[in-house]
Structure formats: C-alpha cells, structure tokens
Amino acid sequence: MRIFGHVSYYRPGDVLASRLELSRAGLHRPTRAGISGSAQEGADSIVLADQYEDDVFGEDEIIYAGHGGRDPKTGHQTTDQDLNDRNRALLRSQETGQPVRVLRKAADGYRYEGLYRVVGSSYEPGRSGFQVWLFRLVPVV
DNA sequence: TCCATGCGCGGCC
DNA sequence: GGCCGCGCAGTGG
C-alpha cells in the first residue's frame, strides 16, 4: 500500500544513514531509484542525491530533474529524456496534488526534508542542452 | 569490480 | 484480478 504524506514517526529533519534504511522505514522504498511511485497513483517520494545536474534545491522551491538521459559516469545529460513511467508519476502528482516526501542526500546520510507538492512541470533544454523534464515542487504548508 | 535489492509494468492465464 | 518475470535504478559494501 502506497503511503502519501508522513510515514510512521518520521518528521522533517530526521536523517537516516542509507538508502536501505530509507527503504526499510518506508520513507522511500526503492533502494536505488530516485522516484518512488507509479504512473497511475503518482509519486509518494523522491530523493535528491546530487546526481542530476539540472536539480536546484532552493529556499522555497525545488527544481527536480526528471529521470533518464544521463551518463552515470559524468553525471551529465547525454540524450533527451523521455516520458517514462517515473516522470509520468510526477506529472500525475501534479494532477492529484498529493504530497511528495522529499529526501536529500547529506554528509551524514539522507535527510527528510518534508512534504512538497508538485506545482509545475516543463520539458526544456537543461544544462547540457538536451531536453529534460523539470518538476517544480514547493513545501506543503 | 562486482552485484545484491525493491518494485512497476506488461504478458498471460 | 492475480501471478510471474523482466529490466532497471538519483546505492553501496
């Protein structure tokens, strides 16, 4: 059963040591993938891990780059992203307005940043010039 | 360097 | 609908 919103007793600011712990806690179930969710229900959680060059973690908003088109070695986008199921999940979240748990890689592990809502999306050239999905998330008040 | 782990989707009853 | 297999991933020992 997919859970949207807070999970168990975990609250923003909590730090877990690894992706495995995030998974066991239910904060972010996939052990490697950055987007948790389905095209039909939407995304329930995402992870920012300094892997995508087009990410922006701002004071009052997050720009989260969509999935795909990336060279794992260089970290740069090397092809246009496509509308895959993970990106569809975030588009779906924008439609439903369901909150998305945001986790962010930190020095000591993965920090639970809190609940965000997907309020915008675009498909445009990123830093490397290839088309990327960009999702705009703002904190849930 | 290698590979485990969790899961969404699609195919097939 | 339920089960199974496939492919893949914002890791990590």
Could you write out DNA chain B as a dot-bracket string, with dots for unpaired bases, | for bases paired across to another strand, and Watson-Crick or G-U pairs counted at under 3.5 Å? .||||||||||||
With heavy-atom distances below 4.5 Å as the criterion, would you say the side chains of A/Arg2 and A/Ser38 are in contact? yes
So which one's nearest nucleotide on DNA chain B is more toward 5', A/Gln40 or A/Arg32? A/Arg32
Of the nucleotides C/dT11, B/dG6, B/dC9, which has the atom closest to the A/Ser23 side chain? B/dG6
So how far is it from A/Gln77 CD to A/Thr74 OG1, rounded to the nearest 0.5 Å? 8.5 Å
Please confirm whether the shortest side-chain N or O distance from A/Arg29 to OP1 or OP2 of B/dG6 is below 4.0 Å. no
Report which part of the nucleic acid A/Ala89 touches: base, sugar-phosphate, or nothing (heavy-atom distance under 4.0 Å, all strands). nothing
Can you tell me if A/Arg2 touches the phosphate of B/dG8, counting only side-chain N or O atoms and a distance under 4.0 Å to OP1 or OP2? yes
Between A/Arg19 and B/dT5, does any side-chain N or O lie under 4.0 Å from OP1 or OP2? no
Of the candidate nucleotides B/dC9, C/dA9, C/dG12, which contains the atom at the shortest distance from the side chain of A/Arg86? C/dA9
We want to know whether A/Arg92 and A/Gln40 form a side-chain donor-acceptor pair, criterion being a heavy-atom distance below 3.5 angstrom. no
Rounded interatomic separation in angstrom, taking NZ from A/Lys73 and P from C/dT11: 16 Å
Whether the A/Asp44 and A/Ser36 side chains hold a donor-acceptor pair (N or O, under 3.5 Å, no angle test) is what I'd like checked. yes
How is A/Thr31 classified with respect to the nucleic acid when contacts are heavy atoms under 4.0 Å: base, sugar-phosphate, or nothing? base
Are A/Leu27 and A/Glu21 packed together at the side-chain level, in the sense that at least one heavy-atom pair is separated by less than 4.5 angstrom? no
Using a heavy-atom cut-off of under 4.0 Å over every strand shown, decide if A/Ser36 touches base, sugar-phosphate, or nothing. nothing
A/Gly37 and A/Ala89: which non-hydrogen atoms are nearest, and at how many Å? C-CB, 4.3 Å
Can you tell me how far C1' of C/dA9 sits from CG of A/Leu22, to the nearest Å? 15 Å
Classify the nucleic acid contact of A/Tyr64 as base, sugar-phosphate or nothing, counting any heavy atom under 4.0 Å across all strands shown. base
Does the side chain of A/Tyr110 get closer than 4.0 angstrom to OP1 or OP2 of C/dG12 through an N or O atom? yes
How about A/Leu115 and A/His6: do any of their side-chain heavy atoms sit closer than 4.5 Å? yes
